[in-house]
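Okay, so here's the structure we're looking at.
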Amino acid sequence: MTVLRITEYPAKVLAEVGEPVTKFDAAMRRLCEDMFETMYAEEGAGLAAAQVGLGLRLFVMDYVGVRLVAANPEMLSAEGEQPGEEGCLSVGKIHAPLRRAERVLLRAQDVEGNWYEQEAEGPAARCLQHETDHCDGRLFITRLSPLKREMVLKKFQKMKK
Ligand code: NI
C-alpha cells in the first residue's frame with residue numbers, strides 16, 4: 001500500500017465534478033487501499049479521490065464506527081440540522097463552524113461495484129456530506145460565509161509559508 005500525496009486548494013481537480021467510477025477491478029481495489037492508507041496517515045475521517053488528484057466520484061471513510069468505500073455516491077435524503085465544526089485535509093485541516101443535515105441516507109457502490117444504502121446521523125452524516133461534496137467538486141469552504149471562508153484561507157496561506 002502507498003501513501004498518496006494530498007492535493008490541496010486551489011487545485012482545479014478539487015473544483016470539478018468527478019467522472020463516474022465504471023471499473024471495479026484490481027486497480028480500483030488498489031486505489032481504495034491506497035486511499036485508506038493515505039487517510040490514516042493524515043489522520044482524516046474521510047478522503048475523496050479528488051484529494052489525491054483523481055477526478056473520480058469516489059471516497060473512503062473510517063469515522064465513528066463507519067468504514068466504507070463509496071463509489072458514485074448520491075444523497076437519497078437529508079434531514080434535520082446539526083451545528084458543528086468541519087475541516088478538510090485539502091485545506092490544511094483548518095476548522096470552521098458549518099451547519100449540516102443531521103441525518104442522511106446515502107446510496108453508493110462498494111469496492112466490488114455492489115450498490116448499498118448507508119444511513120447516518122451526527123458526525124458520520126457530516127462526514128458523508130463532506131465527502132459527497134468532494135465528488136461534486138465542492139469544498140466545505142464554498143459553503144461558508146465569505147467572511148469565514150476568508151479567515152480559513154488566510155490561515156491556510158500562512159500555514160503554507
Ligand atoms: Ni475534505
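Atoms within each ligand, like the ligands themselves, are counted from 1 in listed order. A quick note: this is a predicted structure, and the numbers were derived from the prediction, not measured. For the single chain, residues carry numbers from 1 onward in sequence order.
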Quick one: side chains of residues 152-161, donor-acceptor pairs under 3.5 Å with protein atoms, not counting sequence neighbours, listed by atom name and distance.
| residue | atom | partner | partner atom | Å |
| --- | --- | --- | --- | --- |
| Lys160 | NZ | Glu8 | OE1 | 2.1 |

Leaving waters out, which protein N, O or S atoms fall under 2.8 Å from the Ni ion (ligand 1)? Cys88 SG, His130 NE2, His134 NE2

Taking Arg29 first and then Asp25, would you say they form a salt bridge - that is, a charged N and a carboxylate O separated by under 4.0 Å? no

Who else is in the cluster with Leu31 when I, L, V, M, F, W and Y are joined by side-chain contacts under 4.5 Å? Leu4, Ile6, Val21, Phe24, Met28, Met35, Phe36, Met39, Tyr40, Leu47, Val52, Leu54, Leu56, Leu58, Val60, Val69, Leu89, Val111

Check the side chains of Glu86 and His130 for a donor-acceptor pair under 3.5 angstrom, ignoring hydrogens and angles. yes

Applying side chain to side chain donor-acceptor pair (under 3.5 Å) to Arg103 and not counting sequence neighbours gives Glu79

Salt-bridge present (Asp62, Arg67; N to O < 4.0 Å): yes

